[in-house]
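The structure under discussion appears below in the form of structure tokens.
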Amino acid sequence: MSVRVRFAPSPTGYLHIGGLRTALYNYLFAKKNNGTFVLRIEDTDKARFVEGAMQNLIESLRWAGIDYDEGPNKDAGFGPYIQSERIDLYKEYAQKLIENGNAYYAFDTQEEIELARQKQQAEKLDFKYNRNQMRNQITLGNEEVKSLLESGVPFVIRLKVPEDKTIRFKDIIRGEVVVGSKEVDDQVLLKSDGYPTYHLANVVDDYLMKISHVIRGEEWLPSTPKHILLYEAFNWAPPHFAHLPLLLNKDKTKLSKRQGSVAVEDFRDKGYLSDALVNFVALLGWNPSADREIYAIQELIEHFSLEKINKAGAVFDVQKLDWMNQQYLKNLPNETVALLIASELEKLGIAPQPKSYLEKVAPLFKERVLFVSEIVANADYMFSQPKDFEEEYFKKHWKENTKELISQLIKAIEEIDDFFHSAIQEKIKQFNEEHNIKLKEIIHPIRLMITGKSAGAGMFETMEVLGKSECIKRMNKFINERF
RNA sequence: GGCCCCAUCGACUAACGGUUAGGUCACCAGCCUUUCACGCUGGCAGUAGGGGUUCGAAUCCCCUUGGGGUCACCA
């Protein structure tokens, strides 16, 4: 049997980080098994329609490097992949369940259901739709139903859950799960607006799209018995199930936007690299060996297995993600980092710099920051003359004789022909020997004058990149304006 | 509350009955050093509790406790 999996998000705005992981695991499983990764859009809630949400979702997936084999605009014969375009299909299948006695029409209004709910709550009972007391095909009889239907009153179709039956299914991650049918409500399958509920739509689609493995979040575990019942009602073989542990907030509740960013696009905007995010998220709840942290997507695919997925939820803690981002950033080619710096400059409205220049700036800073944005923020002096000078730094390293030394040093620096860091270093070393001073005594004042800051990349390298005349200009300017 | 799921350092995890319970992030100390980082070395820190089973339990079983999810004409 060929492996076919799907990621089936509801387009309600953005791609949730938990959704990213679900998509990723589906993707990894598909690729590992030479299978097919399907994207299906579950937009059966008209009330929650969000303009552009689907495009946004697809864009986020693409950014993360997760491309779908089948889905919107990529029909391989199982489409359409957008549920709102499949409405007739669900009606047709709901009808089949009516015919084979596994579902029934119901005409209760929202108010009537609410009333029944309150009544049961008053008696301290859990709410369950009582098919023998409500207005439906069972209490009304077929004749009455027929005329109601003809008169055009709104109706829903509900699943007729067997009275007393033990429902069992095997979850790849959790083992066997057993639930009594008493615990399962007569779920609405077809809503009064003619749209299906999730339960009907996902079962029908998974069957029609020949999905072999349903890999989804653990929040679906409690409703899986309903789905099993539906497969049985249709007389279909159910797919394999794997319910993923949840991603958690720091307080261990289900990851939500109340407690921080959860949208993939937010992480992108903050400057996280997609490879780092994917690597990090992959290792939340799954780990191939634990003796290594950094895995390229191809390696994730090679090692992936559903059996090794953890059962317990995983706290989403960005500390390790930040570290991972740094790891990826410092291993990025300079040309790539240069591009990222360029777009960061543009974002801040700073004048663009030549590509060749940025490629020299990149290696100086890429391994000392977590994000590219920090390069621009911390090393602003690489893009314009420093305006502020750290006073503490000045006090600490500027001595009585420093000014006089610098005047002479500038002359020495002017003599350097090939302004490379090695030559600069050599010249300064010579200068130090002549004046009988240590490197420490001169390098900090130089850093201060040229960068204004106490922290930065290697000073000789920094000088090389800035260039001889710029360095001299800055030193003269400092001396002239300061004293 | 009913039902379901879960439980190893602060966080992510490894150990598929036999290990001084390992690694990574974070934290602390040191080294490196022209600052800041990177890097390197070391340290702190965990099997929720109680019963079994077994020669032997983090690992298997039961109970307790704790946490989470879910109970819509939302997905």
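Please read these numbers as outputs of a predicted model, since none were measured by experiment. Here is the naming used below: chain letters follow the sequence lines, and residue numbers restart at 1 for every chain.
- Toward the 5' end of RNA chain B, the nearer of the two residues A/Arg21 and A/Lys453, judged by each one's closest nucleotide, is A/Arg21.
- Here, B/G49 and B/A57 have their P atoms 15 Å apart, quoted to the whole Å.
- Nucleotides B/C27 and B/C74, compared at atom P, are 47 Å apart to the nearest Å.
- Between the CG atom of A/Asn249 and the C1' atom of B/C12 there is a distance of 16 Å, given to the nearest Å.
- For A/Trp323, taking side-chain heavy atoms from C-beta onward, the closest of the listed nucleotides B/U13, B/U24, B/U35 is B/U24.
- Protein atom CE of A/Met459 is 16 Å distant from nucleotide atom C1' of B/U33, rounded to whole Å.
- Using modelled atom types, one finds no donor on one side chain facing an acceptor on the other under 3.5 Å when comparing A/Thr197 with A/Arg158.
- Donor-acceptor pairing under 3.5 Å is recorded for the side chains of A/Gln83 and A/Asp205.
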Using atom names, set out every protein N or O paired with an N or O of nucleotides 57-64 of chain B below 3.5 Å, distance rounded to 0.1 Å.
none

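- More than 12 heavy atoms of other residues, nucleotides or ligands lie within 6.0 Å of NZ in A/Lys191, so this atom counts as buried by the packing criterion.
- Using a 4.0 Å heavy-atom distance criterion, A/Val178 is classed as a sugar-phosphate-only contact.
- In this structure, CD of A/Glu441 is placed 14 Å from P of B/U35, rounded to the nearest angstrom.
- Salt bridge status for A/Arg174 with A/Glu218: present, with a side-chain N to carboxylate O gap under 4.0 Å.
- Note on A/Asn432: every side-chain N or O is 4.0 Å or more away from OP1 and OP2 of B/U34.
- A salt bridge does not link A/Glu92 with A/Arg86: none of the charged nitrogens is closer than 4.0 Å to a carboxylate oxygen.
- If you check every strand for non-hydrogen atoms under 4.0 Å, A/Ala457 touches a base.
- Residue A/Lys128 is out of contact with every strand shown, counting any heavy-atom pair closer than 4.0 Å.
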Pairs of donor and acceptor atoms involving the side chains of residues 391-398 of chain A, under 3.5 Å and at least two apart or interchain, shall be tabulated with distances.
| from | atom 1 | to | atom 2 | distance (Å) |
| --- | --- | --- | --- | --- |
| A/Glu391 | OE1 | A/Arg482 | NH2 | 3.3 |
| A/Glu391 | OE2 | A/Arg482 | NH2 | 2.8 |
| A/Tyr393 | OH | A/His444 | ND1 | 2.7 |

Residues 445-458 of chain A, side-chain donor-acceptor partners within the protein, below 3.5 Å, at least two apart:
| from | atom 1 | to | atom 2 | distance (Å) |
| --- | --- | --- | --- | --- |
| A/Arg447 | NH1 | A/Ala457 | O | 3.0 |
| A/Arg447 | NH2 | A/Ala457 | O | 2.8 |
| A/Thr451 | OG1 | A/Arg447 | O | 2.8 |
| A/Thr451 | OG1 | A/Lys453 | N | 3.0 |
| A/Thr451 | OG1 | A/Lys453 | O | 3.1 |
| A/Lys453 | NZ | A/Asn378 | O | 2.9 |
| A/Lys453 | NZ | A/Asp380 | OD1 | 3.2 |
| A/Ser454 | OG | A/Glu390 | OE1 | 2.9 |

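- Rounded to a whole angstrom, the distance from the C1' atom of B/G68 to that of B/A29 is 38 Å.
- Contact annotation for A/Phe460: base contact, defined as any heavy-atom pair under 4.0 Å involving a base atom.
- Taking atom P on both nucleotides, B/A48 is separated from B/G10 by 11 Å, rounded to a whole Å.
- For A/Glu176, the side chain to side chain contact (heavy atoms under 4.5 Å, CB included) test picks out A/Arg168, A/Val178, with sequence neighbours left out.
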Polar atom pairs between nucleotides 68-74 of chain B and protein, under 3.5 Å, N or O only, would you list them?
| from | atom 1 | to | atom 2 | distance (Å) |
| --- | --- | --- | --- | --- |
| B/G69 | OP1 | A/Lys254 | N | 3.0 |
| B/U70 | OP1 | A/Lys254 | NZ | 2.6 |
| B/A72 | OP2 | A/Arg117 | NH1 | 3.2 |
| B/C73 | OP2 | A/Arg158 | NH2 | 3.4 |
| B/C73 | O2 | A/Ser192 | N | 2.8 |
| B/C73 | O2 | A/Ser192 | OG | 2.7 |
| B/C73 | N3 | A/Ser192 | OG | 3.1 |
| B/C73 | N4 | A/Asp108 | O | 2.9 |
| B/C74 | OP2 | A/Lys191 | NZ | 3.0 |
| B/C74 | O2' | A/Asp45 | OD2 | 2.9 |
| B/C74 | O2' | A/Arg48 | NE | 3.4 |
| B/C74 | O2' | A/Arg48 | NH2 | 3.2 |
| B/C74 | O2 | A/Arg48 | NH2 | 3.3 |

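- In terms of position on RNA chain B, the residue among A/Gly458 and A/Gly285 whose nearest nucleotide sits closer to the 5' end is A/Gly285.
- One interatomic measurement links the two molecules: CZ of A/Arg174 to C1' of B/A7, which rounds to 12 Å at whole-angstrom precision.
- Taking the six-membered ring for Trp and thresholds of 30 and 60 degrees, A/Tyr231 and A/Phe241 have ring planes more than 60 degrees apart, a perpendicular arrangement.
- For the pair A/Lys360 and A/Glu461, the salt-bridge criterion is not met [side-chain N within less than 4.0 Å of a carboxylate O].
- When rounded to the nearest whole Å, the span between NZ of A/Lys396 and P of B/U34 equals 14 Å.
- Among the atoms of the strands shown, only primed sugar atoms or phosphate atoms (P, OP1, OP2) are found under 4.0 Å from some heavy atom of A/Gln327.
- Side-chain N or O atoms of A/Gln118 include none that pairs as donor or acceptor with a backbone N or O of A/Leu115 at under 3.5 Å.
- Atom NZ of A/Lys330 is separated from atom P of B/A37 by 14 Å (rounded to the nearest Å).
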Practice prompt. Dump the intermediate steps for salt bridge (charged side-chain N to carboxylate O under 4.0 Å, His left out) on A/Glu441 and A/Lys438, then the final yes or no.
Written response: CA-CA 6 Å; A/Glu441 296 173 64; A/Lys438 288 182 182 150; 5.8 Å; no
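- The pairing partner recorded for B/G10 is B/C25, the criterion being a Watson-Crick or G-U wobble arrangement whose two distances lie under 3.5 angstrom.
- At the heavy-atom level, A/Glu183 lies under 4.0 Å from the strands shown only through sugar-phosphate atoms.
- Relative to the side chain of A/Ala312, the nucleotides B/C3, B/C36, B/A7 differ in distance, and B/A7 lies closest.
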Between the protein and nucleotides 47-49 of chain B, are there any N/O to N/O pairs under 3.5 Å, and if so, what are the atom names and distances?
none

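- B/G67 sits 40 Å from B/G30 when the C1' atoms are compared, rounded to a whole Å.
- If you take atom C1' in B/C44 and the same atom in B/A11, they sit 15 Å apart, rounded to whole Å.
- Per the geometry, CH2 belonging to A/Trp398 stands 18 Å off P belonging to B/U35, to the nearest Å.
- Under a 4.0 Å N-O distance rule, the pair A/Arg131/A/Asp186 qualifies as a salt bridge.
- One donor-acceptor pair, N or O on each side, does fall under 3.5 Å between the base of B/U24 and the side chain of A/Lys320.
- Rounded to a whole Å, the OH atom of A/Tyr295 is 13 Å from the P atom of B/U13.
- Among B/A37, B/A11, B/C3, the nucleotide with an atom closest to any side-chain atom of A/Arg368 is B/A37.
- A donor-acceptor contact under 3.5 angstrom links the side chains of A/Tyr129 and A/Asn136, judged on distance only.
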